[in-house]
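We use all heavy atoms of the structure for the numbers below, so side chains are in, but hydrogens, waters and symmetry mates are not. Atoms within each ligand, like the ligands themselves, are counted from 1 in listed order.
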Amino acid sequence: MSETGRPLNFIERIIEEDLNSGKVTEIKTRFPPEPNGYLHLGHAKSIWLNFGLAQRYGGKCNLRMDDTNPAKEDEEYVDSIQADVQWLGYQWDGEVHYASDYFDQLYEWAIYLIKEGKAFVCDLNAEQMRSYRGSLTEAGKESPFRTRSIEENLALFEKMRAGEFEEGACSLRAKIDMTASNINLRDPVLYRIKKASHHQTGDKWCIYPSYDYTHGQSDAIEGITHSICTLEFEDHRPLYDWFIQNLPVPAEPHQYEFSRLNVNYTVTSKRKLKQLVDEKHVDGWDDPRMPTIAGMRRRGFTPKALRDFCEMAGVTKVEGVVDISMLEYAIREDLNANSPRAMCVLHPLKVVLTNYPEGRVETMTAPQHPQNEAMGTRELPFGREIFIDQDDFREEANKHYKRLVKGKRVRLRNAYVIEAQEAIKDADGNIIEVHARVLEETLGKDPADGVKAKGVIHWVAAHDNVDCEVRLYDRLFTDVAPDAGGKNYLDYLNPNSLVILNGCKAESSLAQATANDRYQFEREGYFIPDAKRSTPEHPVFNRVISLKDTWEKAEQK
Ligand code: ATP
Ligand code: MG
């Protein structure tokens, strides 16, 4: 059992066996992102798993940039990855590692393989190589360059490194088995020529090692005991092991695969997310609608909610799709328990309390959190004029409408009961103001005449409030599986994924809110100041999430 009482997952069972049998004395894991984009929800799962295992079993977890493809990588991504891991609540062991730190060692090991007769320089171009490779049902054919002598291979590989060949002219390949049923073992490429500057090594190299040739050896160099990756690498494991067995590596790491996290109503692929950014369908990688960690942070999701969600989704080898409402549930759980309450009127309608003396003001006291007294109280200014939401007043309504109706009563949250008298309209018949009377003696008490208020609505004083912008977000895609089965996810962008409201009125205690403060705006949802847009002069609040799941209802209709 884990400390939260759930059964151990298969990786935890393996680790416990390895620790109990003495196969390892301390576990070491790693999180190995390629710095070619911002991290997303899927990566959060891998981070939670790798760092979480190290934490639980008293081991260590490295952060390693898997930077073997300079063309697509960037320092901006290296920085964002570190910020994201730390925000999720984790710290890597020692320095950040880079696969490129091992380029010298990998190069030496390539020469070692050549000298052992286990690698050769091949002049087939990419297309020829593909046709020689065979297929799942057909064995591959050996390259005509496979029989080159060790001396010739050493000389050619040196020339590759020295930049004497054009890109694509040749590559270094392992000599394994062109008839292997696993295509990954059919003389895979170890080095390609790429005349590109690298964000870490500059122009030192013009040949770059392949992912497969780099990954396991990097694990070995770092003393990784459990190298955890997603299922698409299962077929690469025999090659991973081949390198470990055929090179003088300092340790023998093992690779374990689990199924990747797929979530409905979203896409989790850096390539697709990059397209959304590059084509400006969203406002950058950290747009609060993006399933990137940076976007979710700015949106106001909490690290705890993301970790809880990963835990709920579980670790298995079964491919599946997790319902996004599970993530939303985790967020609501955390925010409901931990965020202070506040009032903010999104569509203000002025109410004049005609029997409340002009110039009189009062201060109401309200709890920060109805179930948590320790969070203290806040002060709410009250006066003759207040704002309520336009949706909370009707001239006539049936009995299901438990808000303010002309001639009827409603309670103002944390304040008096009021009774509506008259709706003031503009020339077009729109209601622009409501006149009402306050019932004295109703603070914390029902009206003395026994006519109770039907409902409770939120409000904000007109003379003392924070004028703000509110951004309401919804799911970025309208389709449950926007990129399934060859569909174009761009066809399913939700046109209402962002609604901007201006002139909203928040209670004055929110003037000091910072981008780390999440609130429940009563009856409206959870909100946080936008880290990039909000200023004291122009506060901007992001809706983290609504109070209830409205999609479920819409789908049932
Ligand atoms: P993408 O397809 O979005 O580019 P990737 O797998 O190519 O993702 P990497 O930077 O190579 O991205 O991934 C770093 C680590 O995160 C890898 O170990 C990878 O297996 C893991 N990972 C990526 N996506 C997911 C996911 N959806 N669920 C779980 N783990 C994931
Ligand atoms: Mg990748």
### Query
Which one of Thr230, Thr268, Val315 has a non-hydrogen atom at the shortest distance from atom 20 (O) of ligand 1?
Thr230
### Query
atom 27 (N) of ligand 1: which of Leu39, Leu261, Leu231 has the nearest heavy atom?
Leu261
Nitrogen or oxygen of [X] less than 3.5 angstrom from that of ligand 1:
{"X": "Ser259", "answer": "no"}
{"X": "Arg271", "answer": "no"}
{"X": "Lys270", "answer": "yes"}
{"X": "His43", "answer": "yes"}
{"X": "Arg30", "answer": "no"}

### Mutual orientation of the aromatic rings belonging to His236 and Phe233 [parallel < 30°, tilted 30-60°, perpendicular > 60°]
perpendicular
Can you sort out which atoms of ligand 1 are near [X], meaning under 4.0 Å from one of its heavy atoms?
{"X": "Ser269", "result": "3 (O)"}
{"X": "Glu34", "result": "9 (P), 10 (O)"}
{"X": "Pro33", "result": "10 (O), 14 (C)"}
{"X": "Pro32", "result": "14 (C), 18 (O)"}

### Task
Mind checking whether His40 contacts ligand 1 via backbone (N, CA, C, O), side chain (CB onward), both or neither, at a 4.0 Å heavy-atom cut-off?
side chain
### Message
I want to check a possible cation-pi pair here: Arg475 against Tyr265, using under 6.0 Å from ring centre and within 45° of the ring axis as the test.
### Response
yes
### Query
Taking atom types as modelled, is there a side-chain donor on Gln255 or Tyr240 under 3.5 Å from an acceptor on the other?
no
### Query
Any luck finding a side-chain donor-acceptor pair between Gln55 and Tyr90 under 3.5 Å?
no
Counting only pairs under 3.5 Å, give me each side-chain donor-acceptor contact of residues 168-175, with atom names and distances, residues two or more places apart or in other chains.
| from | atom 1 | to | atom 2 | distance (Å) |
| --- | --- | --- | --- | --- |
| Arg173 | NE | Asp187 | O | 2.8 |
| Arg173 | NH2 | Asp187 | O | 3.1 |
| Lys175 | NZ | Arg146 | O | 3.1 |

### Message
Quick check on the 6.0 Å ring-centre criterion: do Tyr213 and Phe243 meet it?
### Response
yes
### Query
Hey, which of Phe103, Trp205, Tyr98 is the one that makes ring-ring contact (aromatic ring centres under 6.0 Å, His included) with His198?
Phe103
### Task
Begin from the C-alpha positions of Tyr38 and Glu76 and carry the test side-chain hydrogen bond (donor to acceptor under 3.5 Å, both in side chains) through to its verdict.
CA-CA 9 Å; Tyr38 277 62; Glu76 177 192 351; 2.7 Å; yes
